[in-house]
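These notes concern the structure reproduced below.
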Amino acid sequence: MKQIALDIGLPTGPTLANFCAGPNEAALRHMELWVGAKSGAGAELPTRSPVPTYFWGAPGSGKSHLLKAAREALREQGARVGWLDAGVLEPAEFSESWAAVVLDDVHLYTAQQQHMAFNWFVNAQTHQRPVLAAGEYAPIDLKLRDDLRTRLGWGHVFNLQPLSEPERRAVLRKAADARGVFLSDEVMDFMLTRFSRDLGSLMELLELMDGYALQTQRAITVPLIKSMMDNH
């Protein structure tokens, strides 16, 4: 069967609370300490080490989830964050008002993005701001300018592993239960064999299925999913 690749993200904002760690427990614990327990207006911001953190691993292993969760946590604490990913074509200049610098999908950076990422990195170090970054490859294997690549690798480095199929099934089941949706084993098998298997895509698919089922007043079945894809 030909797999259908859905290039779609999580339906709701990623948080550390909804990150299913699986084999990546150490990375999650690191980020929980990094973010700090206190949040909300008027809360005291935790003092973060300026030592950078870099996550690497295959697509769907949770790298971007952790970075976006950290960005959201800082925003809830009233802090501003410098964010750069491969889709930001004209990065802003570094701002001293930023509490942290976050660099996602560094393996895809253009020469201009690499130049700005290095500039942000140097400024972050100068102003004692932490850097969070993520890419598909280990620092030594990144096809980036040497000065940026070496900086990405000198701090905390975590190799993230994708969830196993039983773990993905458990996460989907839990998310479906939270929506009041029943996923039969047949539906779960269909989702995992016909669609992109990374968790972000599967969670988005669940949201689409739930919405379509409500719209058509039908239960979630394999025929319903096929009908949804025909009409999507």
Side-chain angles (χ1 to χ4, degrees), residues 8-19 21 24 27-57 61-136 139 142 144-145 147-158 160 200 203:
I8 43 188
L10 291 169
T12 56
T15 66
L16 294 182
N18 64 22
F19 179 76
N24 305 310
L28 176 60
R29 295 290 166 256
H30 175 79
M31 288 311 301
E32 288 174 340
L33 291 172
W34 190 94
V35 165
K38 295 182 179 180
S39 63
E44 182 180 350
L45 297 181
T47 301
R48 296 183 181 87
S49 167
V51 176
T53 296
Y54 178 71
F55 300 109
W56 68 277
S61 57
K63 306 181 299 295
S64 293
H65 185 121
L66 287 176
L67 296 194
K68 290 175 182 177
R71 176 179 62 177
E72 186 58 31
L74 263 65
R75 284 176 173 173
E76 288 179 357
Q77 295 170 0
R80 297 183 65 223
V81 176
W83 175 278
L84 177 60
D85 60 40
V88 180
L89 301 181
E90 296 185 5
E93 294 292 332
F94 178 86
S95 172
E96 291 184 32
S97 68
W98 293 344
V101 163
V102 185
L103 310 171
D104 198 13
D105 288 333
V106 297
H107 60 287
L108 298 175
Y109 282 7
T110 64
Q112 180 187 3
Q113 289 167 331
Q114 291 179 50
H115 173 78
M116 190 57 73
F118 176 72
N119 176 274
W120 283 14
F121 215 121
V122 170
N123 275 287
Q125 290 176 306
T126 299
H127 297 285
Q128 296 289 288
R129 303 289 194 273
V131 176
L132 294 178
E136 197 165 317
L142 289 168
L144 301 174
R145 47 189 283 179
D147 50 9
L148 175 59
R149 180 176 52 79
T150 54
R151 278 171 170 78
L152 289 170
W154 76 263
H156 304 285
V157 177
F158 295 89
L160 301 188
M203 296 294 278

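Nearest heavy-atom pair across V51 and G155 is CG1-CA, 3.7 Å. Across all their heavy atoms, A99 and P130 have their closest contact at O-CD, 3.3 Å. Among all heavy-atom pairs drawn from Y109 and D85, the shortest one is CE1-C, 3.9 Å. Scanning both residues, K63 and A134, for their nearest heavy atoms gives CB-CB, 3.8 Å.
The aromatic rings of F55 and H30 lie perpendicular to each other, with more than 60° between the two planes, well past the 30° mark.
A side chain to side chain donor-acceptor pair (under 3.5 Å) with D147 is found for exactly one of R149, R145, R151, namely R145. Test W83, F94, W98 against W120 for ring-ring contact (aromatic ring centres under 6.0 Å, His included) and you get one pass: W98.
Between Q125 and V131, every side-chain heavy-atom pair lies at or beyond the 4.5 Å cut-off. Between L144 and L152, some side-chain heavy-atom pair lies under the 4.5 Å cut-off. With a 4.5 Å cut-off on side-chain heavy atoms, P14 and F19 do not count as touching. Between W34 and L66, every side-chain heavy-atom pair lies at or beyond the 4.5 Å cut-off. Under the 4.5 Å side-chain criterion, counting only non-hydrogen atoms from C-beta, L103 is in contact with F121. Within the 4.5 Å cutoff, no side-chain heavy atoms of L108 are placed close to those of Q113. Looking at heavy atoms from C-beta onward, Q112 lies out of side-chain contact with M116 at the 4.5 angstrom threshold.
Checking side-chain atoms of Q128 against main-chain N and O of P50 turns up no donor-acceptor pair under 3.5 Å.
Considering only residues two or more places apart in sequence or on other chains, H115 meets the ring pair (Phe, Tyr, Trp, His ring centres under 6.0 Å) condition with none of them.
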Can you list the steps and then say if L132 with M31 is a side chain to side chain contact (heavy atoms under 4.5 Å, CB included)?
CA-CA 10 Å; L132 294 178; M31 288 311 301; 3.7 Å; yes
